[in-house]
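Just the heavy atoms: all of them, side chains too, but no hydrogens, waters or symmetry mates, feed the values below. Per chain, numbering begins at 1; letters A, B, ... match sequence-line order.
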Amino acid sequence: MTRAAGVLAVQLVAFWPVWRWYVSRLADGSDEPWGIVALATACAFVLARGRLRDPGDGPLRAATALTAAYAAGYPWLPPLVRALIAVAAVAHVAAPAFFGRRVHLALAGLLVLSLPVIASLQFYAGWPVRLVTTRICAALLDAMGYAVEPAGTCLVWRADMVAVDAPCSGIRMLWTGLYLTFTLACFARLTTRGTWIAYAATTAAVFAGNVLRTTALFFVETRLWPLPEGGHAAVGMASFALVTVAILAMHGALARRFRCVA
Amino acid sequence: MRTLIALLIAALASPALAVVHLTDKTLSPYFLVKGAGKAERLPLRSTSVKARVAGTIADVTVVQEYKNEGDAPIEAVYVFPGSTRAAVHAMTMTIGGRRRVAKIMEKAKAAATYQQAKQEGKSAALLEQERPNVFRMSVANVMPGDVVVVEMSYTEMLVPRDGVYELAYPTVVGPRYEGRPDGAGPGQAYTHEGVAPQSTFAFEAVIEAGLELAEVGCATHRTRIAKTALRATLALDEDRGGDRDVIVRYRLSGERIASGLLLSEDAGENFFLLTVQPPVHVEAGEIPAREYVFIVDVSGSMNGYPLEVAKTLIKDLFGELLPRDSFNLMLFSGGNSVLAPRPLPATAANLERALVMLARENGAGATELLPALEAALALPRDAGKSRSFVVITDGYVSCEARAFQLIRENLGQANLFALGIGSSVNRHLIEGLARAGAAEPFVVTAPEDAPATAAALRRYVTAPVMTDVRVACEGFEAYDLEPKWQPDLLSERPIVVCGKWRGARTGSITVSGLAAGRRYAQTYRVGEVTPGKDLTALRYLWARSAIARLTDDQRAAGDAQRAGEITKLGLAYGLLTEFTSFIAVDEVIRNAGGDGKTVAQPLPLPKGVGEAATQALVSSAPEPEVWALLVIAMIGIAAVVTRRDAPGRAA
């Protein structure tokens with residue numbers, strides 16, 4: 001058995017509390033289960049590489065440090081943070097073992113997305129994102145001639161109120177956009193720098209797309225643009241389709257410039 | 001190898017720690033709601049209402065009984081509705097056999113007095129107006145075993161519509177979204193759909209209208225009714241009917257215009273009430289020639305169904321016009337345009353011209369109502385005709401106070417009727433315009449409501465009975481009339497004038513106008529009218545009218561001076577207003593420290609209203625589901641993969 005396989009096997013055993021927690025989170029309905037898709041995608045890329053290589057001492061030291069941090073911090077760290085440390089440790093071994101790279105940011109990204117993060121992102125990041133989205137939408141609508149006032153995370157126009165509430169934060173679009181980006185980055189073998197650029201650009205594109213979606217839905221919800229049933233969802237899908245086109249265009253440009261040789 | 005050993009040791013430590021923490025829970029964001037312990041949850045035990053109608057004035061007494069059957073002191077809070085016309089003028093609190101008469105105070109002072117009493121451990125009751133038709137009763141330091149009885153009295157003027165008088169007692173505040181987050185108060189608890197009201201409800205009414213009663217009925221509850229020619233008594237035959245308003249309707253007999261004068265003499269101030277009732281049936285020949293100016297909002301916010309409903313309504317109203325009538329059409333948005341410089345005869349050709357002018361509009365621009373009203377009033381009028389303005393708008397204007405004032409000042413020149421159309425009509429403007437015009441507001445929020453509302457508006461506006469109405473006093477010193485100017489008498493709307501008088505009870509009041517082509521006049525010799533012994537209600541009705549007028553203006557302008565005038569009237573006449581509250585305090589300290597849980601009485605859902613109504617009626621813009629987004633992402637991935645693998649492309 002190669003050293004790489006041995007190390008990975010030990011990690012799978014060592015981090016069993018994380019996998020147990022992961023399975024219970026999938027089953028308890030507290031979060032969306034789509035992390036499985038990201039995990040399956042990561043596994044598919046790993047298996048497609050086939051050959052295992054020795055990871056080298058450097059990545060092993062990093063993995064050891066992360067594992068030590070996991071063990072030392074276990075009594076105090078929230079389960080999600082422990083899981084993040086665990087997947088980072090696994091990624092540090094898998095990247096050199098399967099891809100011959102010290103760091104494979106896209107693979108690590110997919111493993112992070114495989115965790116149940118959507119609910120936690122909604123809880124911690126949802127409100128600030130909605131607040132900023134509301135302000136920008138109000139400014140856009142005002143520029144279009146509608147005297148819309150932002151009131152917290154609501155758009156107030158006359159006696160109508162359109163709430164940019166929790167399901168409107170854009171977190172789902174962000175998760176899916178990042179999934180797309182990391183998958184394309186793995187496929188194109190983007191460098192670490194290229195992957196960082198893709199990640200930042202995707203986040204910006206998704207945010208812009210959510211602002212556009214919310215602005216368009218203001219007209220729908222106030223019945224200025226009466227749409228049939230299903231029109232609301234169609235506007236959301238159309239907005240994400242535009243974001244996807246932007247991501248694909250960006251991917252094409254980055255793939256030409258930031259492709260790994262390995 | 002050393003690294004590997006270190007990794008193994010580190011890794012092995014983890015499960016050991018995991019064993020120690022076997023109770024590790026999945027942590028996701030959640031909310032914990034704590035139980036209320038053994039405190040009383042439903043303090044309101046019963047509501048008993050007794051109404052006495054004398055003529056067109058209703059005196060109503062409401063008795064609420066609160067009981068604490070828990071084992072801890074509580075503060076009971078109960079939100080309940082009232083009529084928008086109610087003049088609440090008295091309140092008492094009875095606890096432990098001690099009866100305390102409430103005082104009227106400025107709202108902030110009353111609230112501070114209540115808080116102080118509460119903290120000192122004294123029982124206190126505070127009655128506040130939350131909205132014109134919603135009141136809040138707070139009763140502090142209700143000790144275990146206490147029974148607190150709060151009695152509230154109000155007076156209301158009953159105005160008939162289509163010949164029907166309606167005594168309505170609202171029983172429950174329905175779930176309602178406050179509209180603005182900065183205006184939303186604490187959430188109101190409701191019992192579940194299908195659960196009967198938790199407290200008993202009793203209602204009795206005695207009607208002595210002064211004229212022969214044609215019919216009396218209550219369609220909302222099972223009732224026992226006993227009726228003679230001039231008197232009727234009614235009582236509910238069920239005791240859990242507090243989940244829907246009580247509506248008692250009655251008709252009077254009479255085929256001619258009837259008017260009546262009531263006088264009261266009080267220490268310091270005297271009041272009178274003059275009513276002119278239309279006949280029950282109005283023949284076409286009795287309707288004077290009419291002149292209408294249709295003032296239609298064609299601004300951007302009317303785009304779509306509001307303007308389409310307006311067009312249909314105008315066409316419908318045109319169908320009611322006779323060749324002897326005249327009309328004009330004014331369209332307004334940022335500016336205004338008029339069909340003709342003077343009224344046109346209501347011929348088919350002229351009506352068609354108007355419809356063509358209206359059909360061209362799609363809704364664009366700002367909403368400048370005040371200039372449109374001023375321009376309409378400046379238009380020449382046809383002498384001898386009953387002139388009416390019909391304003392159709394969704395109401396988003398910023399000149400409401402001035403618009404109300406303009407309408408009141410010109411009531412003698414033209415009647416004004418307001419129809420609000422749109423999903424988010426500015427009800428304050430529509431209701432304010434209607435009150436200023438001494439009329440009823442009409443609102444259409446959904447397209448399916450348009451035909452019924454349009455029919456009601458048509459009946460209301462198309463049957464004036466007497467025009468050019470004048471109220472003249474000779475030898476009788478009347479002042480502070482509400483309203484100051486009188487509109488036309490309509491078949492659906494009587495004329496009601498409240499006022500004060502001073503000096504000797506001599507002279508006369510004459511009501512005159514043009515009716516059925518002839519001059520009508522009814523003169524009252526004041527000396528022959530005996531002041532009513534039990535007519536203190538007139539002072540409350542007069543004050544209520546003045547407060548309603550000032551409230552419309554104050555809300556529109558946010559005017560501190562008008563707020564001060566309302567407060568002054570509320571304090572002077574002892575009335576509950578937006579700025580004055582009733583407070584009663586029992587000086588016995590019964591709960592040292594004032595500790596106690598505040599319990600908001602859960603309300604029954606109004607009958608026919610589902611549980612979905614308790615959710616905030618706010619539009620929101622949720623994202624698509626993740627699976628749907630993944631489909632688009634997968635399409636994108638497939639596009640990249642197939643493009644890369646396309647024949648002729650390098651790998």
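The heavy-atom pair separating A:Trp34 from B:Leu630 by the smallest distance is CE3-CD1, 3.8 Å. Listed here is the closest heavy atom pair of B:Gly636 and A:Thr244: CA-CG2, 4.5 Å.
Contact annotation for A:Ile118: only side-chain heavy atoms (C-beta onward) come within less than 4.5 Å of a heavy atom of chain B.
Looking only at heavy-atom pairs under 4.5 Å with chain A, the residue among B:Ile637, B:Val631, B:Ile635 that has the most is B:Ile637. Put simply, of A:Arg172, A:His251, A:Met173, the one with the most heavy-atom pairs under 4.5 Å next to chain B is A:Arg172. Most heavy-atom pairs under 4.5 Å with chain B: of the set A:Gly236, A:Ala233, A:Gly170, this distinction falls to A:Gly170.
In this structure, the side chains of A:Val37 and B:Met634 come closer than 4.5 Å at one or more pairs of heavy atoms.
Environment of CH2 in B:Trp627: sparse, with no more than 12 heavy atoms of neighbouring residues, nucleotides or ligands closer than 6.0 Å.
Distance check, rounded to the nearest 0.5 Å: CD of B:Glu623 to CE of A:Met237 gives 12.0 Å.
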